[in-house]
Structures are given as C-alpha cells and as structure tokens.
Amino acid sequence: MTDIHASVPFLAAAQAPWARTRPARLGLGPANAGNLAAVDEIFAPDFYSHPLRQSGTAPVRTAWTMVRERFPDLRIEAEDIVVDEDKVVVGATIHNAGPDAAGNPPTMFELLRVTDGRIAELWGVSTLHRR
C-alpha cells in the first residue's frame, strides 16, 4: 500500500496517530484486530454513523463487538482508497465472513469525513449477508 500522507495536506497536517500511518489505519486494522481501545483514537467524540443512525463512539464499539462475535476470523482488506480534501473513500473486500448472495466474498464501500485527524462521519454499504 502506498503512503499517501506526504501528498495529502489534511493527512500530513493531522495530529491524530492514525493519520500518520498507512491509510488502512483508518479503522480497518483495529477493526480486523477487534481493538476496541482504538475507537476513541480513530473516531471523533461526536462521530455520526449514517448506516447506524447513531452518534458517538459507543455504537462503533457495539457494532465491532457484534461483528467479531459473529465472524471471529473476519478480515477487511482495502482494495481502493481515494482521498479528496476531508473525505476518504474506501472500497474493500470482506474475508472469512461467508459468501455474499452471488457466492463471492462480500464487499464494502465507505465514505468517511475526517475532522481534526479523526473520522467524524461515515456513510457505508456492504454485501455482507446478514442472516
């Protein structure tokens, strides 16, 4: 994965620890590891999730816990990352969660808005089969 921080002003200037690492640190690494302690480092205190229709970091912890309980070996692999101003778009493949309705590994698409080096807002969809 290419280190984009030197060429992306808001990432280069951001003070949050995740902003100084590779783009997968946007939440994929901690989510893959089930690292709930990283939630407050990655997400703004007033974070809003459009898919969950909830604010704050507690819903993120709950969602990550539920997903990890259901799919303990789940791994999300970023395929595409696009950064423009304060927005980051991530297209990813979800591994070890069973096939989607078409028999393929599920995919995920998220649009993140970053403020002060933390994820402030998220929109997303996935083909993960929720049985």
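- Linking ILVMFWY side-chain heavy atoms closer than 4.5 Å, directly or via other members, places I42 and V67 in a single hydrophobic cluster.
- Side-chain atoms of F71 and I94, non-hydrogen and from C-beta on, never get closer than 4.5 Å to each other.
- When all heavy atoms are compared, the tightest approach of S49 to L52 is OG-N, 3.2 Å.
- Of all the heavy atoms in V90 and A78, the pair that sits closest is CG1-CB, 4.1 Å.
- Side-chain contact between Q54 and Y48: absent, with no pair of heavy atoms (C-beta onward) separated by less than 4.5 Å.
- The distance from atom CG of D86 to atom CD1 of I119, rounded to the nearest 0.5 Å, is 12.5 Å.
- A chain of hydrophobic side-chain contacts below 4.5 Å, direct or via other Ile, Leu, Val, Met, Phe, Trp or Tyr residues, connects V125 to W123.
- R75 places no side-chain N or O within donor-acceptor distance of the main-chain N or O of T93, the cut-off being under 3.5 Å.
- Remark: side-chain polar atoms of N32 are paired, donor with acceptor, to backbone N or O of I76 under 3.5 angstrom.
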For this session: With side-chain contact (heavy atoms from CB on, under 4.5 Å) as the test, would you mind laying out the steps for V89 and D80 before giving the verdict?
Result: CA-CA 8 Å; V89 178; D80 296 293; over 6 Å; no
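- Between W64 and F43, the two ring planes are perpendicular [angle over 60°; tilted spans 30° to 60°].
- A donor-acceptor contact shorter than 3.5 Å links the side chain of T127 to the backbone of T107.
- Nearest heavy-atom pair, R118 versus A44, reported as atom, atom and distance to 0.1 Å: CB-N, 3.6 Å.
- Remark: L111 CG to E121 CD distance equals 8.5 Å, nearest 0.5 Å.
- Summarising the geometry, atom OG belonging to S55 is positioned 8.5 Å from atom CZ belonging to F47; distances are rounded to the nearest 0.5 Å.
- The CG atom of D46 lies 8.0 Å from the OG1 atom of T115; values are rounded to the nearest 0.5 Å.
- Here the CG atom belonging to N96 is positioned 11.0 Å from the CD atom belonging to E77, to the nearest 0.5 angstrom.
- The pair D40-R61 counts as a salt bridge, with a side-chain nitrogen and a carboxylate oxygen less than 4.0 angstrom apart.
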For this session: Decide yes or no on side-chain contact (heavy atoms from CB on, under 4.5 Å) for L122 and E110, but give the supporting numbers first.
Result: CA-CA 7 Å; L122 177 146; E110 291 185 333; 3.7 Å; yes
